[in-house]
Every structure is written in C-alpha cells, then in structure tokens.
Amino acid sequence: MPSVSAVRVWRRECMIIVLWLALCAVLGLTVGYVLVALLLGVCAYLGMQLIYAYQLHRWLLSDRIEPSDGFGAWQEIYTELYRLKQRNRKRKKRLKSIVHEFQASTAALPDGAVVLDSQGRIVWFNDAAGALIALRSPQDLGQRLANLLRHPKVSGYLASDTEIGELEIPSPVNEDDTVLLRLIPYGNNQRLMIARDISEQKRLEHTRRDFVANASHELRTPLTVLRGYLEMMEEEAVEAGALESWHAPIREMGEQSRRMNRIIESLLKLARLEGEGLQQRQEHVDVPTMIGSLVEDMRRTTAGATQQITIDTEAELGLFGRPGELESVFSNLLSNAVRYTPDEGSIHVRWWREDDAACFAVADTGPGIEAEHIPRLTERFYRVDPGRKSSSGGTGLGLAIVKHCLEHHEGELDIASTPGEGSTFTCRFPAQRALDRRAA
C-alpha cells in the first residue's frame with residue numbers, strides 16, 4: 001500500500017496537470033485556438049518530463065553529476081532516490097569493511113585458503129595458499145585451479161559434485177612435502193578450498209611405521225628362542241615329568257608367547273599394508289571359493305566348538321582385488337565371530353550383490369557391542385570390556401587390518417550390534433570391483 005505522503009504527492013501532481021491544461025485552454029480561448037494551445041501545453045509538459053528523466057538517467061550512471069531540484073513529483077523522486085543512494089553507499093562501505101576484515105583474518109591463517117567460483121576459477125587466495133601451492137597474484141586470479149595444479153587427481157576432485165572430501169597431493173613447491181586439499185561448498189555454487197601442509201605428520205607416521213616394523217622384526221628372534229625352550233619345557237611338564245609341578249605356569253607362558261607371536265605377526269602385516277599395500281598385484285578373485293575354504297579351515301581348527309556356521313553366497317559373483325588382503329578381511333571377521341560366539345550359537349556368512357556393489361557379511365549371536373564402542377573398534381588394540389578380553393586370545397589388531405585392507409579396495413566396514421543379541425560386520429565393495437562371471 002502506498003504511504004499517505006506518496007498519495008499526497010501524486011494528488012498534487014494531478015492538480016498541477018489540471019491547472020496547467022486549464023491555463024493553456026484559457027490562453028487558447030483568448031487567441032481563438034483552444035486545441036492548438038492544449039496540444040502545445042501537453043507537449044511542453046512532456047518535454048519537461050523528458051528533461052527530468054534525462055537528468056535522472058545521467059545521475060544514476062555517474063556520481064559526479066548532481067540533478068536539479070526538480071518540480072512536482074520529480075522533486076520527491078529525486079529526494080527519495082538520493083536517500084536510497086546514500087544508504088547504498090553506507091551499505092557498500094560496511095560490506096567492503098567486512099570483506100577487508102575477512103581477507104585480513106584469512107591472510108593470517110597458517111592454512112591456505114582459495115575462493116573458487118562455479119567454474120573452478122580462482123577468485124581470491126591468501127598468502128599461505130600462494131606459498132603452499134605456488135599461486136601468484138594477480139597473474140593467477142581468474143585462472144582455473146585445475147590448470148595450475150598439475151596432478152592427475154586434482155581435475156576429477158575439483159569437478160566432483162559429491163560431498164566434502166579430502167585429497168592428498170605432492171606439494172607443487174617441493175615434491176618431498178605433502179599438501180592436503182579440502183573443498184567446502186558455499187554460496188551460489190562457490191567453493192572454498194583449504195590447503196594444509198601435512199608433511200610433518202606424514203613423516204611422523206612413516207617413522208612410527210618403521211619403528212613398529214623394525215621393533216616387531218627384532219622381537220621375532222628372541223621370541224622364537226623363548227618359544228623353543230618353552231615347548232621343550234612343556235614336554236617335561238606333563239604328568240610324571242621332571243617339571244610336573246610347573247605344569248600350570250609353563251602352559252600359561254606358552255600360551256602368552258604364542259599370543260605375543262600373533263601380535264608381532266599382525267603388527268608386521270599392518271606395517272606392510274600401510275607401506276606397500278597399494279603396490280601389490282590385483283587380479284580376479286573367486287570369493288565364494290575363498291569363503292568356503294576359510295570356513296572349512298575354521299571348522300577344522302575349532303573341531304571342539306559347537307557353533308553352527310551357515311554360508312549363503314552368490315556363486316557367480318567375484319571381486320577384483322588383492323587376494324592376500326581379501327583373505328585377511330574374511331578370515332579376521334570369521335575368526336572374531338567364532339571367538340566371541342558362545343557354544344550352541346550360530347554364525348551366518350553371506351556374500352551377495354546389492355545395487356551393483358558386492359557385500360560380505362558375518363552375523364553372529366555373540367554378546368554384542370555397546371553403541372559407544374563401535375566407532376573405535378578399528379583402532380589398534382582397542383578392546384570392549386567385558387565381552388572382548390585379551391584372555392580370549394585376540395590380538396586387538398584384526399579389525400585394524402580389516403580397515404586398511406578395505407581402504408585399499410575402496411570399501412567400507414559397517415558394524416551393527418545389539419547387546420545380548422549379536423553383531424553383524426558388513427563389508428561393502430564398490431560396483432567397479434564387482435565381477436559377474438556369467439557376463440564374462
């Protein structure tokens with residue numbers, strides 16, 4: 001609804017038009033040409049309106065030209081537009097101040113920040129980004145970032161429409177350093193890319209892997225000697241043997257030495273997976289046959305167990321991957337299910353296709369796991385009490401190995417568990433790795 005002042009302005013403008021035409025009519029009567037006088041009056045009025053409109057247009061195009069005060073409704077229009085322009089100037093000053101503060105704060109960040117438009121072109125970047133990924137100002141502004149970062153994975157990463165992700169690339173400044181890129185979408189199809197130097201973190205991880213691998217390797221020799229002597233002592237600790245009175249402690253030492261050997265083997269395997277896993281040869285794997293063999297081996301090694309193991313596999317569904325790592329995934333999940341499922345319990349092993357992806361699942365009727373422990377199950381040596389104690393014989397490294405193997409196959413591990421009812425561990429492999437032998 002128009003305001004009272006606006007109604008008053010236009011009412012006054014209508015009165016001015018009526019009075020002007022009346023004056024023209026009177027002059028026309030005086031000279032005897034009423035229609036001519038009215039036509040000239042209308043043309044004069046329209047000419048004045050065109051002059052004021054021209055002045056307004058020039059004023060809007062340039063701040064240097066000030067319009068005249070105007071007459072009638074134009075005076076009100078000029079006044080309101082002048083107020084609006086002043087408010088816009090103040091708003092622009094505030095926005096400019098905010099932009100300057102944002103740029104100053106991001107320039108002080110140790111991480112690189114790059115603003116990209118919807119086409120992947122560089123709009124702005126801070127000094128840290130220039131130092132980390134070799135960007136130059138103003139030469140690189142407006143350039144496509146994918147053309148400046150010459151790495152095979154960068155183009156696909158920037159073109160991806162998926163949710164926020166991360167990418168590690170060698171630093172364009174120094175190939176021995178590593179830069180972590182992270183894209184954050186915002187605004188109208190714009191994105192903020194954060195670049196972080198993780199070289200020191202990578203070096204620390206490499207040092208840790210080397211230490212674990214070397215320490216585990218060095219421990220194998222003395223542990224082998226100890227196990228040899230303990231096996232000899234176990235033979236003498238039987239009934240009527242020379243060490244019969246030491247039977248219990250010698251048996252306990254033997255079990256712990258064997259467990260220590262399994263831990264060392266698992267640590268060495270983890271070190272190999274972290275260091276050389278991606279270099280292993282990949283091939284077509286007959287997963288149903290592999291699962292059947294593992295289950296049979298599990299039944300033979302646990303001949304005294306009374307759990308019921310059932311298998312449900314799609315015989316024609318295979319997988320493209322590393323056979324050794326896949327066997328580690330399946331065997332670790334199977335051994336965990338057997339270890340924690342009580343007597344007379346059941347274990348269901350399944351291999352099937354789901355939405356073109358390949359899935360492997362092991363469901364047991366064990367004690368189950370509380371929800372707060374599930375996110376940490378793949379951590380090294382993490383245990384859930386009281387259901388999963390070290391006395392059960394596990395190394396605490398099985399699920400960590402599973403996690404690393406799945407990462408090498410672009411897979412993921414899903415854990416569903418209900419305390420008192422059991423757990424289901426599901427591995428999902430991407431569709432591009434699923435193989436249907438019927439289509440071959």
Side-chain angles (χ1 to χ4, degrees), residues 1-108 113-126 137-138 140-144 161 184-193:
M1 293 292 293
S3 63
V4 176
S5 59
V7 173
R8 188 182 299 115
V9 167
W10 287 105
R11 184 180 297 168
R12 186 177 61 188
E13 185 68 16
C14 291
M15 291 178 62
I16 290 173
I17 294 173
V18 170
L19 291 174
W20 172 249
L21 293 177
L23 178 61
C24 292
V26 171
L27 291 175
L29 286 173
T30 304
V31 298
Y33 296 97
V34 177
L35 293 178
V36 174
L38 287 174
L39 180 60
L40 291 174
V42 170
C43 290
Y45 182 81
L46 290 177
M48 183 183 66
Q49 304 303 316
L50 288 174
I51 291 172
Y52 286 142
Y54 173 72
Q55 290 181 351
L56 176 61
H57 185 235
R58 292 186 63 194
W59 178 49
L60 293 176
L61 292 177
S62 175
D63 289 337
R64 299 177 184 177
I65 300 175
E66 293 294 336
S68 61
D69 293 336
F71 179 78
W74 284 104
Q75 184 178 15
E76 297 295 330
I77 291 173
Y78 286 155
T79 302
E80 292 301 322
L81 285 175
Y82 183 78
R83 291 173 182 172
L84 180 62
K85 208 164 187 179
Q86 289 297 108
R87 287 197 296 269
N88 287 337
R89 284 175 180 170
K90 293 179 181 179
R91 189 178 297 111
K92 286 173 65 176
K93 287 181 180 179
R94 287 198 300 269
L95 290 176
K96 195 172 182 179
S97 175
I98 292 172
V99 170
H100 283 317
E101 290 179 3
F102 167 76
Q103 292 180 345
S105 61
T106 51
V114 183
V115 176
L116 304 174
D117 63 12
S118 58
Q119 302 298 320
R121 293 186 292 258
I122 299 174
V123 177
W124 176 87
F125 60 88
N126 63 357
S137 179
D140 292 337
L141 293 177
Q143 300 292 323
R144 292 177 64 88
D161 294 329
I184 304 172
Y186 76 97
N188 186 17
N189 293 326
Q190 291 182 298
R191 288 177 293 177
L192 174 66
M193 190 187 76

Problem set entry | Contacts of R121 that satisfy salt bridge (Lys or Arg N to Asp or Glu O under 4.0 Å) - sequence neighbours left out | D117
Exercise. Taking only residues two or more places apart in sequence or in another chain, which ones pass side chain to side chain contact (heavy atoms under 4.5 Å, CB included) with L141?
Worked result: I122, F125, S137, P138
Exercise. Hey, what do you get for CG (L116) to CD (Q190), rounding to the nearest 0.5 Å?
Worked result: 9.0 Å
For this session: Verify, without hydrogens or angle tests, whether R144 (side chain) and Q119 (backbone) share a donor-acceptor contact under 3.5 angstrom.
Result: yes
Problem set entry | Where A113 and L192 come nearest, the two heavy atoms and their spacing | CB-CD1, 4.2 Å
For this session: Return the set of residues passing side chain to side chain contact (heavy atoms under 4.5 Å, CB included) with L40 (not counting sequence neighbours), or none when no residue passes.
Result: V36
